[in-house]
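Following: one structure in structure tokens, then a few remarks.
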Number of protein chains: 2
Amino acid sequence: MSDPQPAPARRRPRADALRNRQRLLAEADAVFREEGTGASLEGVARRAGVAIGTLYGHFPTRAALIAALLEERNQALFAYGAELAEGPDPAAALAEWVRAVVRHAAAYQGLADQLSAGNDELNESCAEMTALGDRFTERARAAGVLRGDTTGADLFTLMNAAAWSREHDTPEQADRLLDLALAGMLTTTPPPAAG
Amino acid sequence: MSDPQPAPARRRPRADALRNRQRLLAEADAVFREEGTGASLEGVARRAGVAIGTLYGHFPTRAALIAALLEERNQALFAYGAELAEGPDPAAALAEWVRAVVRHAAAYQGLADQLSAGNDELNESCAEMTALGDRFTERARAAGVLRGDTTGADLFTLMNAAAWSREHDTPEQADRLLDLALAGMLTTTPPPAAG
DNA sequence: CGCTAAACTGAGGCGTCCTCGACTTCTGCT
DNA sequence: AGCAGAAGTCGAGGACGCCTCAGTTTAGCG
């Protein structure tokens, strides 16, 4: 079962390829922020000064492109999550984690759809997200501030729904939804965002 | 400001037009159930045995087609809502109303997106929906079972989010989200669906 | 039966997705 | 410096969907 390591003597990745990849990521980020994740990929390629085939060479699917974009962002997010998970107040930590993820997911319109569409490329992030969610729910349950059987999956559903809502209604409406669900989830209601 | 009624001596609508309209609605219903509201309209026209131009003649936009489809369904739904609104238990009525609408909205994948996309054609149903929601929240507040400032708009947001969730996660997950939010909304928690 | 408005038709312009064979350029090696 | 070839790039092109509109058909009415 061990790899006989064919030792393909990997060449260093080409400089122009790296440049194009970076350029594509930058433009995709901009375009997705402006028009949502459904934006034209040909437009992205055009803006990046690159042929459409080059885009597909780097990112075979739209989901792959989004996943690459998310990767760096997620680094910071997960770090923040891990930090939060250490905090003293499990209920507040859980609430803040959910809110942070929702803020994060609202970066591109349509991201929520992508995330819950079950694209293989995005599953990695999702799995990690749910796992981290489980940590929060377990701590909260241990502290006795969590309603019965809430799980990380419930958190994930809530986060997606709230992110989606943020894209369609106003952010305020989405926040009210979030408050409602968190109030139903936690026995000690967290301090609502609005004073 | 009164209409000088040009009295255009209206002709009876043509029989073939009515037939085609019915056929288009029937096929659109089927296709949207199978593939969601994003399905190809050319496909709908094909299945209805009609040219694409005919479809556009009857329904100038996708939203118009969806609105027409929803109209009859909404009749029944609003009737049910009015009935519920008379019931003895405001909290239970509100919860059941929300659940009923979510069930209804889950008929076509992507319907939630359409509803909250602010299409003029669909605003009519939405307005009526929110108005009815206000009746439920007001009754519940009067009975003292509603958290502070919840409005019909909050209900609408919740319903859309839950419907969207139902389309993407499992129905069970969406129901859990709904339970959570309702628990946060109502001070007397409604009996959860699951024992 | 003929007139006419209403309705139907479907080709066509445009945009997007994605592929693939031909072409270019960079890297590693001598 | 020069070369071989792997790696990367290009962009035309087929497939499909949206929507329009000029030409044609057809049902209702007198």
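None of these values were measured; they are calculated from a predicted model. Below, chain A is the first sequence line, B the second, and so on; all start at residue 1.
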Notebook entry, point to check: Any salt bridge between A:Asp16 and A:Arg23, counting N to O under 4.0 Å?
Noted result: no
Atom NE2 of A:His58 and atom P of D:dG8 are separated, to the nearest Å, by 7 Å
The side chain to side chain contact (heavy atoms under 4.5 Å, CB included) partners of B:Ser125 (sequence neighbours excluded) come to B:Asn74
Review item, side-chain donor-acceptor pairs of residues 76-86 of chain A, under 3.5 Å, at least two apart:
residue	atom	partner	partner atom	Å
A:Tyr80	OH	A:Glu96	OE2	2.8
A:Glu86	OE2	A:Arg135	NH2	3.3

To the nearest angstrom, the CZ-C1' distance between A:Arg21 and D:dA7 comes to 15 Å
Would you confirm whether B:Arg141, through its side chain, and B:Thr150, through its main-chain N or O, come within 3.5 Å as a donor-acceptor pair? yes
Apart from A:Trp164 itself, members of its ILVMFWY cluster (side-chain separation under 4.5 Å) are B:Trp164
Readout for nucleotides 19-30 of chain C: B = base within 4.0 Å of protein heavy atom, S = sugar-phosphate only, - = neither; 5' to 3' it is B-----BSBS--
- ILVMFWY cluster, B:Tyr108 and B:Val101 together (side-chain gap under 4.5 Å): no
When rounded to whole Å, the CZ to P distance for the pair B:Arg62 and D:dC19 reads 7 Å
Listing, residues 50-59 of chain B side-chain donor-acceptor contacts under 3.5 Å, not counting sequence neighbours, or none:
none

note: B:Gln22, atom CD; C:dC8, atom P; distance rounded to Å ~ 13 Å
B:Phe59 CZ to D:dC19 C1', in whole Å, measures 16 Å
Rounded to whole Å, CG of B:Leu18 lies from C1' of D:dT26 at a distance of 15 Å
Measure from the side-chain N and O atoms of A:Asp154 to the backbone N and O of A:Thr151, and report whether any donor-acceptor pair falls under 3.5 Å.
-> yes
- Task: Output yes when at least one side-chain N/O atom of A:Thr54 is less than 4.0 Å from OP1 or OP2 of D:dC10, else no.
- Result: yes
What residues 33-50 of chain A contributes to the DNA chain D interface at heavy-atom separation below 4.0 Å is A:Val50
Side-chain donor-acceptor contact under 3.5 Å, B:Thr61 with B:Glu121: yes
Inset, instruction - Give a yes/no answer on whether the side chain of B:Asn20 brings an N or O atom under 4.0 Å of OP1 or OP2 in C:dA7. - result: no
